[in-house]
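Index from 1, following the sequence.
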Amino acid sequence: MTTILLARHGETEWNRVGRYQGWADPPLNDTGRAQARELAEQLRATPFDAVYSSDLLRARETAEIVAAPHGVEVVIEPGLREVNVGAWSGLTRAEVEQRFPNGERPGGESREEHTARVLAAAERIARAHPSDRILLVSHGGTMRALRTHVSDEPLHPIANCGVLELHFEEDRFEAGIG
């Protein structure tokens with residue numbers, strides 16, 4: 001069984017003010033870097049065989065901070081990117097509701113497209129690490145897509161640097177204990 005720890009990136013200024021980020025690439029802010037250091041300390045005693053990150057800066061920077069005490073190189077995996085929110089990028093919820101009252105998301109990915117992309121990347125990673133413990137640093141939407149795939153239980157918002165656990169065994173994902 002492969003154990004997968006999914007961690008959300010630390011805070012960015014866009015998180016702080018409630019802007020949709022999607023594929024936009026803002027860096028961590030000072031709070032986000034502090035959150036990543038706190039996560040690194042929380043996971044210091046948890047060994048990792050590998051660390052993977054979305055290619056977006058906020059996830060990469062978080063992964064590098066968390067992986068440093070373990071001496072594990074961060075592998076960049078674009079398939080772990082956040083959902084492409086298209087024209088919503090940079091907008092607040094209120095701005096989205098005003099500009100797109102029917103909920104359309106021009107230029108973005110559907111939930112199904114995002115989930116298929118994320119599942120393919122996570123399965124590829126899990127198959128490359130049978131019986132290992134791996135850390136995947138990604139985004140709230142990516143974590144929700146994976147968690148929703150394995151469980152019908154409601155998933156509350158995932159805090160910056162929040163962690164979920166999944167297991168991959170016999171070609172399928174299962175919810176972990178964490």
Side-chain angles (χ1 to χ4, degrees), residues 4-36 39 52-63 66 75-126 135-168 171-176 178:
I4 301 169
L5 299 177
L6 299 168
R8 184 176 179 206
H9 62 80
E11 183 184 84
T12 68
E13 283 304 306
W14 283 22
N15 287 136
R16 191 182 65 73
V17 298
R19 295 196 180 283
Y20 284 95
Q21 295 178 104
W23 287 10
D25 209 13
L28 296 178
N29 61 19
D30 289 341
T31 299
R33 287 183 195 92
Q35 291 167 334
L39 180 59
Y52 287 80
S53 172
S54 156
D55 61 336
L56 296 175
L57 181 57
R58 58 194 183 269
R60 278 196 339 257
E61 189 175 357
T62 301
V66 175
V75 178
I76 303 305
E77 172 50 66
L80 298 175
R81 267 186 178 210
E82 179 63 283
V83 63
N84 180 354
V85 295
W88 293 11
S89 185
L91 303 178
T92 64
R93 182 176 303 275
E95 291 168 333
V96 166
E97 289 171 359
Q98 181 182 26
R99 294 182 194 181
F100 305 102
N102 295 325
E104 67 273 20
R105 190 167 45 194
E109 275 179 301
S110 70
R111 290 196 190 279
E112 295 77 16
E113 290 167 330
H114 178 238
T115 297
R117 173 173 52 80
V118 168
L119 275 173
E123 284 182 17
R124 191 171 49 254
I125 292 166
L135 175 67
L136 305 183
V137 180
S138 62
H139 309 273
T142 299
M143 292 173 70
R144 276 188 300 280
L146 285 166
R147 181 66 166 76
T148 301
H149 176 74
V150 301
S151 176
D152 292 333
E153 293 178 26
L155 181 62
H156 302 287
I158 300 162
N160 290 106
C161 286
V163 178
L164 299 174
E165 184 175 313
L166 295 179
H167 297 145
F168 186 77
D171 292 331
R172 66 187 173 117
F173 287 102
E174 300 173 349

Report task. Working to the nearest 0.5 Å, report the span between OG1 of Thr12 and CD of Gln21. Result ->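 It comes to 3.5 Å.
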**Report entry** Rounded distance [0.5 Å steps], CG in Leu135 versus CG in Leu39
**Finding:**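 Nearest 0.5 Å value for the CG-CG distance: 7.5 Å.
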Requested in this report: Please identify each residue that fulfils side chain to side chain contact (heavy atoms under 4.5 Å, CB included) with Ser138, with sequence neighbours left out.
Outcome: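 Here the qualifying residues are Leu80, Thr142, Met143.
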Report task. Using side chain to side chain contact (heavy atoms under 4.5 Å, CB included) as the criterion, list what pairs up with Arg144, not counting sequence neighbours. Result ->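 Checked Arg144 against side chain to side chain contact (heavy atoms under 4.5 Å, CB included); matches are Leu155, Ile158.
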Heavy-atom side-chain contact between [X] and [Y] under 4.5 Å:
| X | Y | value |
| --- | --- | --- |
| Phe173 | Leu119 | yes |
| His9 | Asn160 | yes |
| Cys161 | Thr62 | yes |
| Ile125 | Leu136 | yes |
| Leu164 | Leu166 | no |

Taking side-chain hydrogen bond (donor to acceptor under 3.5 Å, both in side chains) as the test, write out the residues that go with [X], two or more places apart.
| X | value |
| --- | --- |
| Arg172 | Glu174 |
| Thr148 | none |
| Ser54 | His139 |
| Asp25 | none |

Check [X] against [Y] and note the closest heavy-atom contact, atom names and distance.
| X | Y | result |
| --- | --- | --- |
| Thr115 | Ala145 | OG1-CB, 3.6 Å |
| Glu123 | Phe168 | CG-CE1, 4.0 Å |
| Ile4 | Ala126 | CD1-CB, 4.1 Å |

Query raised in the report: Please, which pairs that meet salt bridge (charged side-chain N to carboxylate O under 4.0 Å, His left out) have at least one residue in residues 102-118, sequence neighbours excluded?
Result: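 Those involving residues 102-118 are Glu109-Arg117.
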Report task. Please name all residues satisfying salt bridge (charged side-chain N to carboxylate O under 4.0 Å, His left out) with Arg147, sequence neighbours left out, ordered by chain then number. Result ->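 Only Glu153 meet the salt bridge (charged side-chain N to carboxylate O under 4.0 Å, His left out) criterion with Arg147.
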Query raised in the report: Counting only N and O atoms by type, is there a donor-acceptor contact under 3.5 Å from the side chain of Asp55 to the main-chain atoms of Glu77?
Result: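 A pair under 3.5 Å: no.
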Report task. Without swapping roles, check the side chain of Trp14 against the backbone of Tyr20 for a donor-acceptor pair under 3.5 Å. Result ->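 It does not hold such a pair.
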Expected list for residues 91-101: side-chain donor-acceptor pairs under 3.5 angstrom, two or more places apart:
from: Thr92; atom 1: OG1; to: Glu95; atom 2: N; distance (Å): 3.2
from: Thr92; atom 1: OG1; to: Glu95; atom 2: OE1; distance (Å): 3.4
from: Glu95; atom 1: OE1; to: Arg19; atom 2: NH1; distance (Å): 3.2
from: Glu95; atom 1: OE1; to: Thr92; atom 2: N; distance (Å): 2.8

Report task. Enumerate the residue pairs fulfilling side chain to side chain donor-acceptor pair (under 3.5 Å) with a member in residues 26-35, sequence neighbours excluded, ordered by first and then second residue. Result ->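 For residues 26-35: Glu11-Asn29, Glu13-Asn29, Asp30-Arg33, Arg33-Glu61.
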